Trainee: 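One structure, pasted below without further comment.
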Amino acid sequence: MFIEFYVANFRSIRERQTLSMVASPTDKLLPENVIDVSLPGLSKTKLLKSAVLYGANASGKSNVLKALHFVDWFVQNSARSIKPDGATKAEPFRLDLEGRDKPSEFEITFVTEGIRYQFGFALDAKRVYEEWLYAYPKSRPQCWYERKLDRSTGDYKWDFSQKHFKGDKESLSRQTRPNALFLSTGAQFNHEQLRRIQKWFETELYYLPLAESDPSVEWVSTANMMFEQEDTRESVSTLVRDADLGISEVQVAQRPVFEEEIPPLPDDASAEMKKFHPVMEAAWEALQGETRPETVWLHPVAGSERSETFERGQESAGTLRYFAVLGPWSEALKKGAVLFIDELGANIHPLLVRGLLRMIHSPTENPAGAQVIFTTHDVTLLDKGIFRRDQVWLTEKDQDGATRLYPLTDYQPRKDESLAKGYLAGRYGAIPFLRGELAL
């Protein structure tokens, strides 16, 4: 369960920006859109099941989700995938000569296994400067550990809770590289408490960058989920049939990456080809036995009980994008996981998006409390029958090119106000200001 996230000095974000899923206590509309939380210190708090981000092109709304994705990636990979002298892949705000040399900072608050955690870190391209983890098994916070870089010596100062944080602290701290997280390192060494935290990032966060990836690639995750899990296969197939796409069934199988042998070198092969042929043979051999998902799409033939088989490449980009969403969407509903989607409306009809959101907001369809946070330009979704006012977030850039993220509730729109009209009229900001021939 996702509660709150803040980021500073990352891509187009300069000053600290916060995205919160805490529901406004004064907004009583659409009670099915919130989750009643029963946790120490949060007994009267409600969390939102969804949030939508609007803003002009290049305003930074995608960067908010990319910041979340970076945290997810760095937690999972900093200890096992980054080389000892490798870059952290941090991307500071570059339109400020001072800011580009300062650390980027991230903090995420979430719930797993019934306990609230607050985890954060600060880093630049070469090393981590700070890292901290707090737990709330009771109403008061427990600081499990803090790590701070002494810039004068280049050494870290460690502060561990002797009472609440178990295991060999000294050994793990020595094993932690400057460009890796202590959380990731501890999870690699199967530290029970830290592994539990990392597992949330591995299994309960999904990120779909629909705005920037090829729909012919996105479908792979859903295809794998269908192949591996019968319940996901059934739910995805049902959602495809119900979407009026003219598809009666989607079948998934795992095919060999290469079914044929590597062709022999021709007699007139060049010296360059002969030089690299052993490398090609080794790569080909390494892929033998590897499989890839393959989907077959069945379309009913009018006036008969037969179905015509279509290959994936014969389906529309919109169908493939919708299919790409369905696997993670179904998994999120099943697990109560968190799904971040950049441009949910990309090639997907607004009515299909409404149907998916209805599932998220439905207590029957979403008993586990799944959450979805997404960006879109589709203003038809700014409907008081779909979203509460506290579910809508906006992004815009200031005169220095820095992103500002703020909730619609800052403008206190009336309960009966048309949010779509108000947004397009510029009442809440976060729209492009067109000049010249583009001016309306």
Side-chain angles (χ1 to χ4, degrees), residues 4-19 60 63-110 117-135 141-161 164-165 167 169-189 191 193-194 197-198 200-201 205 402-403 405:
E4 190 172 86
F5 174 72
Y6 82 69
V7 53
N9 196 29
F10 179 79
R11 295 178 67 90
S12 66
I13 300 167
R14 178 170 56 182
E15 306 299 331
R16 179 183 295 193
Q17 304 298 319
T18 300
L19 174 67
N63 286 337
V64 175
L65 300 196
K66 286 179 179 178
L68 280 159
H69 178 55
F70 175 78
V71 172
D72 184 23
W73 175 85
F74 200 65
V75 166
Q76 295 189 55
N77 294 283
S78 65
R80 66 187 181 192
S81 299
I82 299 177
K83 296 180 179 179
D85 58 348
T88 66
K89 298 187 179 181
E91 298 182 69
F93 182 75
R94 295 169 56 190
L95 301 181
D96 183 338
L97 294 179
E98 295 182 1
R100 67 176 65 190
D101 296 324
K102 294 179 180 179
S104 302
E105 188 172 326
F106 311 86
E107 183 181 87
I108 185 167
T109 304
F110 60 96
Y117 296 95
Q118 188 176 339
F119 171 72
F121 58 92
L123 79 171
D124 63 12
K126 295 181 179 180
R127 66 190 309 161
V128 174
Y129 284 76
E130 295 182 55
E131 183 183 351
W132 59 94
L133 176 62
Y134 288 78
Q142 297 176 358
C143 178
W144 281 11
Y145 70 85
E146 287 186 335
R147 164 194 185 191
K148 290 186 179 181
L149 177 68
D150 185 332
R151 302 195 187 195
S152 62
T153 65
D155 297 325
Y156 287 100
K157 178 182 178 182
W158 297 86
D159 186 7
F160 294 102
S161 169
H164 304 295
F165 190 67
K169 310 169 184 62
E170 289 71 22
S171 176
L172 283 181
S173 61
R174 287 195 302 270
Q175 295 282 349
T176 303
R177 302 191 312 269
N179 62 350
L181 292 173
F182 179 73
L183 170 61
S184 306
T185 304
Q188 281 292 100
F189 285 92
H191 185 281
Q193 289 171 296
L194 298 180
I197 304 300
Q198 191 192 47
W200 183 80
F201 288 93
L205 280 187
T403 294
L405 171 69

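Small disclaimer: the values here were computed from a predicted structure and weren't measured.
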Trainee: Evaluate the side-chain contact (heavy atoms from CB on, under 4.5 Å) criterion for residues Q142 and F165: first the C-alpha distance (whole Å), next the side-chain angles of each, then the deciding distance (0.1 Å), finally the verdict.
Mentor: CA-CA 9 Å; Q142 297 176 358; F165 190 67; over 6 Å; no
Trainee: Mind checking what makes salt bridge (Lys or Arg N to Asp or Glu O under 4.0 Å) contact with E105, not counting sequence neighbours?
Mentor: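 So E105 forms a salt bridge (Lys or Arg N to Asp or Glu O under 4.0 Å) with R16.
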Trainee: Can you list the residues that meet the side-chain hydrogen bond (donor to acceptor under 3.5 Å, both in side chains) rule with T185, with sequence neighbours excluded?
Mentor: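 Listed in chain order: nothing, the list is empty.
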Trainee: Give me the one residue out of E146, H164, Q118, E107 that meets side chain to side chain donor-acceptor pair (under 3.5 Å) with Y134.
Mentor: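 Considering E146, H164, Q118, E107, a side chain to side chain donor-acceptor pair (under 3.5 Å) with Y134 is found only for E146.
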Trainee: I want to check something: taking the side chain as every heavy atom from C-beta on, are I108 and W200 in contact at a cut-off of under 4.5 Å?
Mentor: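 Counting from C-beta outward, I108 and W200 do come under 4.5 Å.
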Trainee: Does any pair with a residue in residues 81-100 pass ring-ring contact (aromatic ring centres under 6.0 Å, His included), and if so which ones, sequence neighbours excluded?
Mentor: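 Every pair satisfying ring-ring contact (aromatic ring centres under 6.0 Å, His included) with a residue in residues 81-100: there are none.
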Trainee: Could you tell me if the side chain of F74 sits less than 4.5 Å from the side chain of F121, heavy atoms only?
Mentor: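 Counting from C-beta outward, F121 and F74 do come under 4.5 Å.
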Trainee: Could you work out, with salt bridge (Lys or Arg N to Asp or Glu O under 4.0 Å) as the rule, every residue matching D159, not counting sequence neighbours?
Mentor: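 By the salt bridge (Lys or Arg N to Asp or Glu O under 4.0 Å) rule, D159 matches no residue at all.
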Trainee: Compare every heavy atom of P178 with every heavy atom of Y156, then report the nearest pair and how far apart it is.
Mentor: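 Smallest heavy-atom distance, with atoms named: OH-O, 3.4 Å.
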Trainee: For residues S161 and C143, report the shortest heavy-atom separation together with the two atoms involved.
Mentor: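 Closest pair (atom of S161, atom of C143, distance): CB-O, 3.1 Å.
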Trainee: Suppose the criterion is salt bridge (charged side-chain N to carboxylate O under 4.0 Å, His left out): which pairs have a residue in residues 121-134, not counting sequence neighbours?
Mentor: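 Found E131-R147.
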Trainee: Return yes when atom NZ of K169 has more than 12 non-hydrogen atoms of other residues, nucleotides or ligands closer than 6.0 Å, and no otherwise.
Mentor: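 Yes - once you tally the heavy atoms of other residues, nucleotides and ligands closer than 6.0 Å, there are more than 12.
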Trainee: Any side-chain heavy-atom pair from F10 and T403 closer than 4.5 angstrom?
Mentor: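 Side-chain contact under 4.5 Å: no.
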Trainee: Okay, side chain of D96, backbone of R14: is any donor-acceptor separation there less than 3.5 Å?
Mentor: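 A pair under 3.5 Å: no.
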Trainee: Is there a side-chain contact between F106 and F5 (heavy atoms, below 4.5 Å)?
Mentor: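 They are in side-chain contact.
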Trainee: Suppose we screen for side-chain contact (heavy atoms from CB on, under 4.5 Å). Which residues come up paired with A187, at least two apart in sequence or across chains?
Mentor: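 So A187 forms a side-chain contact (heavy atoms from CB on, under 4.5 Å) with R195, Q198.
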Trainee: Looking at every heavy atom in both S104 and P92, which two are closest together, and how far apart are they?
Mentor: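 S104 and P92 have their closest heavy atoms at OG-CA, 3.9 Å.
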Trainee: Out of curiosity, T88 OG1 to L181 CG, how far, rounded to the nearest 0.5 Å?
Mentor: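 Reported to 0.5 Å precision, the distance equals 9.5 Å.
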Trainee: Please tell me if the side chains of F201 and V71 come closer than 4.5 Å, counting only heavy atoms from C-beta onward.
Mentor: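 Contact flag for F201/V71 side chains = yes.
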Trainee: Nearest 0.5 Å, what's the CZ-CG distance between R100 and N9?
Mentor: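 The distance works out to 10.5 Å.
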Trainee: Taking all non-hydrogen atoms of both residues, which atom of S184 and which atom of S78 are closest, and how far apart?
Mentor: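 Result for this residue pair: OG-OG, 3.0 Å.
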Trainee: If you compare all heavy atoms of A122 against all heavy atoms of W132, which two are closest, and at what distance to 0.1 Å?
Mentor: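 A122 and W132 have their closest heavy atoms at N-CZ3, 4.3 Å.
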Trainee: Identify, with sequence neighbours excluded, every residue that meets side-chain hydrogen bond (donor to acceptor under 3.5 Å, both in side chains) alongside E15.
Mentor: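 E15 satisfies side-chain hydrogen bond (donor to acceptor under 3.5 Å, both in side chains) with no residue once adjacent residues are dropped.
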Trainee: Would you please name every residue forming a side-chain contact (heavy atoms from CB on, under 4.5 Å) with R80, sequence neighbours left out?
Mentor: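 So R80 forms a side-chain contact (heavy atoms from CB on, under 4.5 Å) with Q76, N77, Q188, E202.
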Trainee: So, do I82 and R177 sit near enough that their side-chain heavy atoms are less than 4.5 Å apart?
Mentor: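 Yes, at least one pair of side-chain atoms sits under 4.5 Å.
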Trainee: Is the shortest side-chain heavy-atom distance between Y145 and L183 below 4.5 Å?
Mentor: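 Answer yes - side chains close enough.
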Trainee: Taking side-chain contact (heavy atoms from CB on, under 4.5 Å) as the definition, give me every residue that meets it alongside K89, ordered by chain and number, with sequence neighbours left out.
Mentor: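 Result, side-chain contact (heavy atoms from CB on, under 4.5 Å) vs K89: F70, W73.
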Trainee: Going by heavy atoms in the side chains, are V64 and Q17 under 4.5 Å from each other?
Mentor: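 No, their side chains stay 4.5 Å or more apart.
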Trainee: Once salt bridge (Lys or Arg N to Asp or Glu O under 4.0 Å) is applied, do any residues pair with E91, and if so which ones, sequence neighbours excluded?
Mentor: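 R11.
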Trainee: Output all residues satisfying side-chain hydrogen bond (donor to acceptor under 3.5 Å, both in side chains) with T176, sequence neighbours left out; order by chain, then residue number.
Mentor: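 T176 satisfies side-chain hydrogen bond (donor to acceptor under 3.5 Å, both in side chains) with no other residue.
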Trainee: Can you list everything that forms a side-chain contact (heavy atoms from CB on, under 4.5 Å) with D150? Sequence neighbours excluded, please.
Mentor: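 Scan of D150 (side-chain contact (heavy atoms from CB on, under 4.5 Å), adjacent residues dropped) gives S152, T153.
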Trainee: Taking it one step at a time, do F182 and V128 satisfy side-chain contact (heavy atoms from CB on, under 4.5 Å)?
Mentor: CA-CA 10 Å; F182 179 73; V128 174; over 6 Å; no
